[in-house]
Amino acid sequence: MMRKKRKRGLSPGPCRCHGSTPATAPAPPPSPEPTRPAWTGMGLRAAAPSCAAAAAAAAGGEPRPRLCPPPPALLLLLLSLGLLHAGDCQQPAQCRIQKCTTDFVSLTSHLNSAIDGFDSEFCKALRAYAGCTQRTSKACRGNLVYHSAVLGISDLMSQRNCSKDGPTSSTNPEVTHDPCSYHSHAGAREYRGGDHNPPNYLFCGLFGDPHLRTFKDHFQTCKVEGAWPLIDNNYLSVQVTNVPVVPGSSATATNKITIIFKAHRECTDQKVYQAVTDDLPAAFVDGSTSGGDGDTKSLRIVEKESGRYVEMHARYIGTTVFVRQLGHYLTLAIRMPEDLAMSYEESQDLQLCVNGCPLSERIDEGQGQVSAILGHTLPRTSLTQAWHGYTLETANAQCHEKMPVKDIYFQSCVFDLLTTGDVNFTAAAHSALEDVEALHPRKERWHIFPNSGQGTLHGGDRMSFSLGLTCLIFVVFL
């Protein structure tokens, strides 16, 4: 049998099964302008039958022609690109980057940068996130969300100085339960109860003459001379002692702070901290600087500025305390989980941070802010009267240098300068606001403004503010 040789350069015709055409049939003459075959997507459909076609042939359908195998070079190319999938019948592996991201958010949503141990826990979560992305990398090839997450993890690890090697967080809080970490057992409770909301934190602060910001964000100016409890619950007790600032005035300021961290199972023995004017120690009264066993202490003191500023971090109850001395007086700021702060008996209801100052001890008539007495009228000449070397105008200018936003902390600064003449109260008000920004969990509540809701006083408001402060000064000295 003779076969006609193909001319080099011409495309071969489609493959056929041998025997389906008589051997003596002459080959058709080549077309002068051969038509271009339809695009087959790199030959996939020409090289392999669809799932439906394979099923039809197996069911006894019409015999189909034998297909030519793809050229070896094309086969290698398809394999290298991952485009040749067993007849397109297999389900591709699922990209799980969304679950990786969800787990990371769950592990970090309760963390706060002001809390002791934040960097360690955040780095653990980042390493767990990185490991999850590595395990799903093959299935997520080409996924923009996946590649964005990988880059984001790398950036965050650089920013936080996290090492690539080290312990990782578990997505099951019960696996990594630490009885001396409030965050750990709070997360375990959320996991068991199906509640994924992070714990709520409360803030309380005391500074100046004194000015009190309660757990409910009520702001009060009080007398409270002598010893008063700020906090007294099942985990923590805080007591302050206030003394008169100026002879003949009802305004007082804090010169002693006592803090008792109550014994808590295996986490810590009872620890007592005490600070008085000109003695702000960086240790508890027993001489220790920490509580609890192991390398990671459940309670510790950190000295930020010798004799002027210390921080106490109680990780077993998720609580942070700042104590400062500014001038001759002390300031205090506390952040504590709500469920622990509200854990007390009925007999412990006298807590200034919880219920505020008693009505009889409030200078501002219980309205919660110095501007409560705005609108009272006094003789015009009293507006320029100086107390202890300050007028309203000079006190405003002095406080505005450190506090450009004229909120309640600004007003407290002006009030303290007029009642005491002590410029250190300006620094106290400014530091109190810094402590709010460091510890208060809700940024939108950092600033408390007068009833007008405006942070800046204009025109008649400035006049009313001046009149109100003048009236309040007289109330203090009565």
Side-chain angles (χ1 to χ4, degrees), residues 203 205-213 217 219-221 245-246 249 251 253 308-309 322 324-331 333 363-364 367-376 378 380-440 443-477:
F203 173 86
L206 185 76
F207 70 98
D209 270 9
H211 306 289
L212 172 70
R213 180 167 181 159
D217 287 326
F219 199 95
Q220 301 171 352
T221 301
V245 177
V246 179
S249 168
R308 295 292 173 181
Y309 175 26
F322 291 177
R324 302 176 187 261
Q325 178 172 334
L326 296 156
H328 297 291
Y329 303 104
L330 306 176
T331 70
I363 295 176
D364 57 5
Q367 298 301 313
Q369 51 192 12
V370 175
S371 61
I373 43 81
L374 293 179
H376 289 224
L378 292 173
R380 175 66 175 153
T381 55
S382 66
L383 292 177
T384 59
Q385 182 179 353
W387 288 273
H388 308 286
Y390 281 96
T391 65
L392 290 172
E393 289 75 13
T394 57
N396 269 282
Q398 180 74 38
C399 294
H400 188 66
E401 289 181 4
K402 286 186 173 292
M403 288 170 289
V405 178
K406 293 187 177 180
D407 60 358
I408 199 66
Y409 289 90
F410 170 84
Q411 293 188 15
S412 300
C413 172
V414 174
F415 171 77
D416 291 350
L417 282 180
L418 293 176
T419 55
T420 69
D422 188 348
V423 71
N424 289 303
F425 282 106
T426 302
H430 180 251
S431 296
L433 183 57
E434 287 185 331
D435 292 344
V436 169
E437 294 173 354
L439 297 178
H440 198 291
K443 184 176 181 179
E444 68 274 13
R445 293 187 179 180
W446 287 356
H447 296 279
I448 298 177
F449 293 98
N451 288 332
S452 63
Q454 302 296 323
T456 305
L457 302 177
H458 300 283
D461 291 335
R462 185 180 292 109
M463 178 67 69
S464 297
F465 174 53
S466 301
L467 291 169
L469 277 176
T470 304
C471 180
L472 184 57
I473 299 302
F474 282 124
V475 171
V476 171
F477 282 92

Contacts of E401 meeting salt bridge (Lys or Arg N to Asp or Glu O under 4.0 Å) (sequence neighbours excluded), chain-then-number -> none
Can you list everything that forms a side-chain hydrogen bond (donor to acceptor under 3.5 Å, both in side chains) with H430? Sequence neighbours excluded, please.
none
Roughly how far apart are Q398 CD and T391 OG1, rounded to 0.5 Å?
11.0 Å
What is the minimum heavy-atom distance between G208 and D416, and which atoms define it?
CA-OD2, 3.6 Å
For H400, enumerate each residue passing the side chain to side chain contact (heavy atoms under 4.5 Å, CB included) test, keeping only those at least two apart in sequence or located in another chain.
P404, K406, F410
For the atom pair CG (N396) and CG (L417), what is the distance rounded to the nearest 0.5 Å?
9.5 Å
Partner of H447 under side chain to side chain contact (heavy atoms under 4.5 Å, CB included), picked from I408, V436, L433, is L433
List for me each residue that meets side chain to side chain contact (heavy atoms under 4.5 Å, CB included) alongside A333, sequence neighbours excluded, and say none if there are none.
F203, F322, D435, L439
Evaluate the side-chain proximity of S431 to L326: yes if any heavy-atom separation is below 4.5 Å, no if none is.
yes
Excluding sequence neighbours, so at least two apart, what forms side chain to side chain contact (heavy atoms under 4.5 Å, CB included) with A432?
F207, Y409
Are any non-hydrogen side-chain atoms of L418 and F425 less than 4.5 angstrom apart?
no
Would you call I448 and D407 a side-chain contact if the rule is heavy atoms closer than 4.5 Å?
no
Partners passing side chain to side chain contact (heavy atoms under 4.5 Å, CB included) against R308 (at least two apart in sequence or in another chain)
E305, Q325
Is there a donor-acceptor pair under 3.5 Å between the side chain of T419 and the backbone N or O of F415?
yes
Show your working on side-chain contact (heavy atoms from CB on, under 4.5 Å) between Y390 and V414 and close with a plain yes or no.
CA-CA 9 Å; Y390 281 96; V414 174; over 6 Å; no
